[in-house]
Each structure stands twice: as structure tokens, then as C-alpha cells.
Engineer: 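A single structure is presented below for examination.
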Number of protein chains: 2
Amino acid sequence: MEARDVMNKEMQRTLLEDVAREAEVSTASVSRVLNRAPHVSKRLRERVEAAIDRLGYVPDGTARALASRRIGAIGALVPTLDNPIFSAMIDSLERRLKRHDCRLLIATYRYDLDDELQALRTLIQQGVDGVVLVGHDHRPAALTLLQRRQLPFLTCWHAEDDPDWPGIGFDNTAPARHLAEHLLMLGHRRLAVVSAPTDGNDRARARLEGFRQAAEAAGCPLPPERIVKVDYGIAEGAEAFESLMGLDRRPTAILCGNDTLAFGVMLAAQRAGLQVPREISITGFDDLPQARFMSPPLTTVAVPAGEIGRQVADGLIARIDGVTTPHRRLLDAPLVLRESTGPAPTD
Amino acid sequence: MEARDVMNKEMQRTLLEDVAREAEVSTASVSRVLNRAPHVSKRLRERVEAAIDRLGYVPDGTARALASRRIGAIGALVPTLDNPIFSAMIDSLERRLKRHDCRLLIATYRYDLDDELQALRTLIQQGVDGVVLVGHDHRPAALTLLQRRQLPFLTCWHAEDDPDWPGIGFDNTAPARHLAEHLLMLGHRRLAVVSAPTDGNDRARARLEGFRQAAEAAGCPLPPERIVKVDYGIAEGAEAFESLMGLDRRPTAILCGNDTLAFGVMLAAQRAGLQVPREISITGFDDLPQARFMSPPLTTVAVPAGEIGRQVADGLIARIDGVTTPHRRLLDAPLVLRESTGPAPTD
DNA sequence: TTGTATGCGTTATCAC
DNA sequence: GTGATAACGCATACAA
């Protein structure tokens, strides 16, 4: 019994103290070597490093976190990872953070801002050194929380100018407007939009706004019935197409909030026997890898997901280190004109 | 100066001790309420909760982690998040972990097992309560690390029987074999394979093995020149197709290691003027959302990525709580026969 | 059921 | 440069 208890005791891990004893130096010195502090003699460093190797010592992250007040990890709040454009960003974010010796905690919230706020609370409680958020649509309490804690944070994706939210991203409105202008220039006058739900999603709203601006400027505004909002998905895009085809005056071009919806719309159009772009033009947004392989290849906007991940990593790390970085950084999101758009059909 | 120093001092956060004072109870009692310990009177609980609300107290995760020896987060090591089949799994994993009040640290390693080992070290040092790995291909040191620390862990995706690696997943070989048998039954005799690189990827190896088994059993083994290994990607699949078409005796069916490669192969085939499946049959593996929307719809294997995420979450949490769970859990990965496969062409 | 006191493994602030 | 030693904020064995 006694013996078993002894056996059960987690074999005692070697502590910093053990290293100090082995190297015959103080614990403070070991800590200094560990943290690459300045003013440590080469001789001392070598002794300590030797002792560490000999004992196979591994510092305890939790103790380090408590004493130093940083855990070596940031938190990222994203709507979902089920959308490849977000997982691409997270992938590059994590890879870049690794360079800075920083880990990544992720939390998803399905576009539910209350869930996001709750997840943020949890991350803060966890002790993350910084936070990444998507867009500027958040509960006011989220901002309060971050500011009160003086926690470094950065938004991404949606780089609208906003004094509250520093961010790295791109303009969602302008490219959307350009897409619509491209169609208008091709002679289209009855445009339609298939958008993602806009609640808690300022990117979707901004794109919709861009479509609207161009349409109105051209004197052919978008009536409500030609704006369909559906959840993310190919099938959802197809359904949106069906509903648009039920209209009296069918659109000759459909602007989609993302490539996946556009893919669904394109399939449904072809299933309905329509030629793209001869009879109907279709645009996407994201430039997913498959966009250029669709038939016809999809006209869309190239969202710099990978670049955002990298720049957000660098920017947030800088802020954590107390370096002031630009409040806002605008990346390029160029139009990619392919063959899914063409001249409006001459009725 | 003095004043500024005072100002600069992080406004002192309220501590558990403050709550205890406010509620006029001991710190131990506050801790008990926080941790929902048994044997706490309703009256005391209410007093403490009231005090917590009044002070807006938030427990410090790092201190809690150091004292309790668990951080409330697990680590997941995945090859990449750039492949939607993995991000789908991570998405469901994270959502399910949330139910258990557990966070998720992710690390990617690009199929480089040395990187994986390094990332595992980092996660362990960080203090994660458990680890999720993909497949059974890992450096031996990884297993040693996990065992020595007695750290709960679970593999996923590849549910081969292996005493070292407990896991939840599916059989990669059998469905692959069945795909090949399906083609053989359709009269195909010259099969080819477009596989992902097999280094550090036992799933890719297992699938290839399944293809081989069926081919050999049918008396038409796969010669090396009809097995092409390429990186993940649509363009890569297309290139693989080109190289297969350079062979003297062209295959009549191509088995692909995943849907993305299959998509590339299919596009290249059509670009080359071949009818699918009349002139060539093509299969995938994963059943990504777009598989059923390809033209023709792709014959493939439905990988239960979401279900794996959920079951891994539940299983790992159970292990962390000391509950013994089955060493191995096999999920279903059914064939999905669609229109990309058909009778072999009669020369 | 509740309180007391110690431990968790580092970092960081002082002296020297 | 280096060494004592006091935080860091909470959990928990033990006592009451």
C-alpha cells in the first residue's frame, strides 16, 4: 500500500532547482540562462546548459506563465474552420507564430457574437498574451474586456477604418463594387446578389454594400427580391439560384458573397440549362483554389488569406512586445476576371 | 514620475482573496465554489457567488493551472489545416471540447515527423492536459514522451490495430480495396493510382495498400509506373494525369488518394478530351462537399471527419478524467458510388 | 461543512 | 555578473 502510493507518485520531474544544484549555481542564474537574459557570463551559461542536458530538464510552462505573466500563446476567434478561406488563414497564422515561439489557441463561434464574447472571456481567463478577431462586428463588451486588461489584440480580414479596432485586412466594399461595375460595363442591368447572412458579419455587409453602390450609381439599383441571403454551402447557393429564377424579371448576372455560393449558383444555372456566361454571368469572392478550375473558371476576388495570417502573427507579436504598429494595414484583394462573366445577353 | 509609476501599475485585479474577504469566508471556500466541489452549503455558495458578481472576479487561469496541474486545454497535432478534411475535423473537435469546458491548442507539421515531435515537446512544455495526433506514423520519441509524462493521448483518422497508439478512426485499407474491386468488377484491368506522398503518412500508405491488394487478387497488379505520388492539390492531380497518359498502355481507371487529386485528374482528363466515365473511370477519397457536385459526381469514400472530431473530444476528455475507454474505435467510412466510375471501355 | 496553511515551479527584485 | 528570496494566484491536504 505504502509502496504503491510511492510508485503512483508521478515520478518527480526535475525542477529548475535541481538544475541549479547540479550546476552549482543559483536558481536565478538558471532562470537567466533559460530566458537568454543579458549579462550572463559565457562560463556560467555553459555550466547551466550542460546541467540541463544531463538532467533532461524541461521548464514548466504553467509556473513560467504564473511568474512571468505570459503564457506564450495567443487566442484566435474565428467564425468557423469549416470554410477553407478561414482555415487557410489560421494555417498560415499558426505557422508564422511558431517562428516567434508562440502557440495558438483557437475558438469558433458560428457567427454568434454572444458565443464569441463568451469564448473571448474564456481565452482571457486562460491567460492568452494576445487575441486575434475577425472583422469589427463584436459585442461592445468584447472591446471593454480587451481594453480593461490592456490585452494586445488585432482584427483581421475587414480593414475598415475604425478607431476602436486595429486591424490588418482588405477593403471588402471596393472589390465588390468593382465586380458589379465589371458586370455593368458588360451591359448587365438586372443584377442579383446571393449573400451570406449579414448578422454579425461586417464582411458580408460590406460586400453587399459594394454591389449596391455600383448598381445605384449605374441607375439600376438592387430591389430587395434580388438580394438573397443564404447560409454557406454549395447546395445553399443552388437553392438561392432557384429562388432568383422564380422572379418575373430574371437577373442576367448574379454576384455571390463567396466562391462556394457561386459554385452552387453556377451548377444550378447549368442544371437549368443556362449557358454561363452567355446567358447568365456569375461572380464569386475569395478565389479558392478550385475557382480557376470551375467550368467556366470563376470571376472572383483574390482574398489574401495566407498573407493576412502572416501579417497578423507578426503584428500581434510586435504589439505584445510593446512595439507600436500601424493601427490599420490594407492588403490588396485584386479582381480576378475569368470566364464566368461576359456580355449581357441581348434579349 | 512617482505618480506615473502608480498610474502605470496594472490596475490591481481582484483576487480570490478579495472575494473571500468580501464574502467573509475563507479562500478555500471560494475555491470550492469555483470548482463546484461537493459538500458546500447552499448558503455559502450564494454568498460567494454574490461577492464574485459584485467584484467582477475572474479566476486566473495560469495560477489555477499551476496549482491544479491542469490547464484546461488539449493540444492537437495535425499535418495541415489547408486540407478541408482536417479543418472539418478540427472544427468539430473544438466545438465538442467547448462542451467539456476545454480549450484547443493546435499545431501543424506539414507531414514532417521531426517537426511534429518538436511541436509535441512544445505542447507538453506548455502543460496541455492531453494530446490528439493523426495516424500512427510518429517518431518513437513521441510515444516515449507521452508515456513518460503519463499524458492522456488519442490518435485519430487511422484506426489500425496498434498496441502503442489508442485511436478513433476508420479503416483506410478496406474502402480503398473496395474501390478497386468496384472498378475491377466493372471490367477494368489497367488500374492506376495517384497517391499523396506516403512518407510519414500511414493513411496514404494504407489506401495504396488497399488498391494493391485488390489489383493483385484480381491478377492485374499495379506496376510502379502506374503509381504516381504527388503533393496535395488540384493542379498536382492534373499533372499526375498527364504523366499517366504518357504511358504506352494507358490505364482505364485512376484511383486517387483524395478527392482534391481526383478533381485535378478529372479536369485534366476532360481537358484531354476523354469522357468520364465512358473512356476513363476516376475515384476519390474523402467525400468533400464538392464531390457530389463535380461533373460527373465523384465516386469516393465518405470519411467521417466531423464524427471523428466529436468522438476524439469525448474520448480524450474521458481519459483525462481517468475513465478507461476502448483502445480502438472503428468508424464507418462507406463507399459512395457516383457517376465518375463506369464499365471499362471495350477497346 | 468550513478554515488554515502549505505547495505548485518559475520569474523578478533586490542586494552584493 | 551573481545570489537570496519574495512574489505570482490558486488548490488542496489537513485540521477543526
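Throughout, a chain's letter reflects where its sequence line sits, starting with A, and its residues are numbered from 1.
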Engineer: I'd like a list of close polar pairs between nucleotides 2-5 of chain D and the protein, N/O only, cut-off under 3.5 Å.
Structural biologist:
| residue | atom | partner | partner atom | Å |
| --- | --- | --- | --- | --- |
| D:dT2 | OP1 | A:Ser41 | OG | 2.6 |
| D:dT2 | OP2 | A:Ser41 | N | 2.8 |
| D:dT2 | OP2 | A:Ser41 | OG | 3.0 |
| D:dG3 | OP2 | A:Ser26 | N | 3.2 |
| D:dG3 | OP2 | A:Ser26 | OG | 3.2 |
| D:dG3 | OP2 | A:Ser29 | OG | 2.5 |
| D:dG3 | N7 | A:Arg32 | NH1 | 3.4 |
| D:dG3 | N7 | A:Arg32 | NH2 | 3.4 |
| D:dG3 | O6 | A:Arg32 | NH2 | 2.6 |
| D:dT5 | O4 | A:Thr27 | OG1 | 3.4 |

Engineer: Mind checking A:Leu66 for me? I need base, sugar-phosphate or nothing, with any heavy atom below 4.0 Å counting as a touch.
Structural biologist: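 Base contact.
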
Engineer: Using atom CD1 of A:Ile71 as one end and atom P of D:dG9 as the other, report the distance to the nearest whole Å.
Structural biologist: 15 Å

Engineer: Between atom CZ of A:Arg21 and atom OG1 of A:Thr14, what is the distance when rounded to the nearest 0.5 Å?
Structural biologist: 11.0 Å

Engineer: Just by modelled atom types, is the B:Asp82 backbone N or O under 3.5 Å from a matching donor or acceptor in the B:Thr80 side chain?
Structural biologist: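 Yes: the side chain of B:Thr80 pairs with the backbone of B:Asp82.
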
Engineer: I need the CD-P distance between A:Gln126 and D:dC10, as an integer number of Å.
Structural biologist: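 Distance check: A:Gln126 CD to D:dC10 P gives 14 Å.
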
Engineer: B:Trp165 and B:His138: aromatic ring centres closer than 6.0 Å?
Structural biologist: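 Yes.
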
Engineer: How many Å lie between CZ on A:Arg64 and P on C:dT11, as a whole number?
Structural biologist: 5 Å

Engineer: Once you round it to whole Å, what is the distance between P of D:dA13 and CZ of B:Arg69?
Structural biologist: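 Roughly 14 Å, once rounded to whole Å.
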
Engineer: If you assign each of A:Val30 and B:Ala63 to its closest nucleotide in DNA chain C, which residue comes earlier from the 5' end?
Structural biologist: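 The residue closer to the strand's 5' end, by nearest nucleotide, is B:Ala63.
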
Engineer: Once you round it to whole Å, what is the distance between C1' of D:dG9 and CZ of B:Arg21?
Structural biologist: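 The distance from CZ of B:Arg21 to C1' of D:dG9 comes to 13 Å, rounded to the nearest Å.
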
Engineer: Take atom CG of B:Leu16 and atom P of D:dA11, then tell me their distance rounded to the nearest Å.
Structural biologist: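 For the pair B:Leu16 CG and D:dA11 P, the rounded distance is 6 Å.
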
Engineer: With a 4.0 Å limit, can you tell me whether A:Ser68 has a side-chain N or O closer than that to the phosphate oxygens OP1/OP2 of C:dT11?
Structural biologist: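 False: A:Ser68 side-chain N/O out of range (4.0 Å or more) of C:dT11 OP1/OP2.
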
Engineer: For a salt bridge (charged side-chain N to carboxylate O under 4.0 Å, His left out) check, start with the C-alpha distance between B:Glu46 and B:Arg43, then their side-chain angles and the critical distance, and finish with the verdict.
Structural biologist: CA-CA 5 Å; B:Glu46 284 166 356; B:Arg43 194 174 139 283; over 6 Å; no

Engineer: Under 3.5 Å, is there a donor-acceptor pair between the side chain of B:Thr155 and the main chain of B:Pro166?
Structural biologist: yes

Engineer: Identify which nucleotide among C:dT10, D:dA11, C:dT11 has an atom closest to any side-chain atom of A:Asn35, counting heavy atoms from C-beta outward.
Structural biologist: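 Within the option list, the nearest is C:dT11.
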
Engineer: According to ring-ring contact (aromatic ring centres under 6.0 Å, His included), who are the partners of B:Tyr57, at least two apart in sequence or on a separate chain?
Structural biologist: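 With neighbours one apart ignored, the set is empty.
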
Engineer: With sequence neighbours left out, what residues match B:Ser26 under side-chain hydrogen bond (donor to acceptor under 3.5 Å, both in side chains)?
Structural biologist: B:Ser29

Engineer: Rounded to the nearest Å, what distance is computed from the OH atom of residue A:Tyr57 to the P atom of nucleotide C:dG9?
Structural biologist: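 Distance, rounded to whole Å: 10 Å.
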
Engineer: Nearest-Å distance, CG (A:Asp129) to P (C:dT11)?
Structural biologist: 14 Å

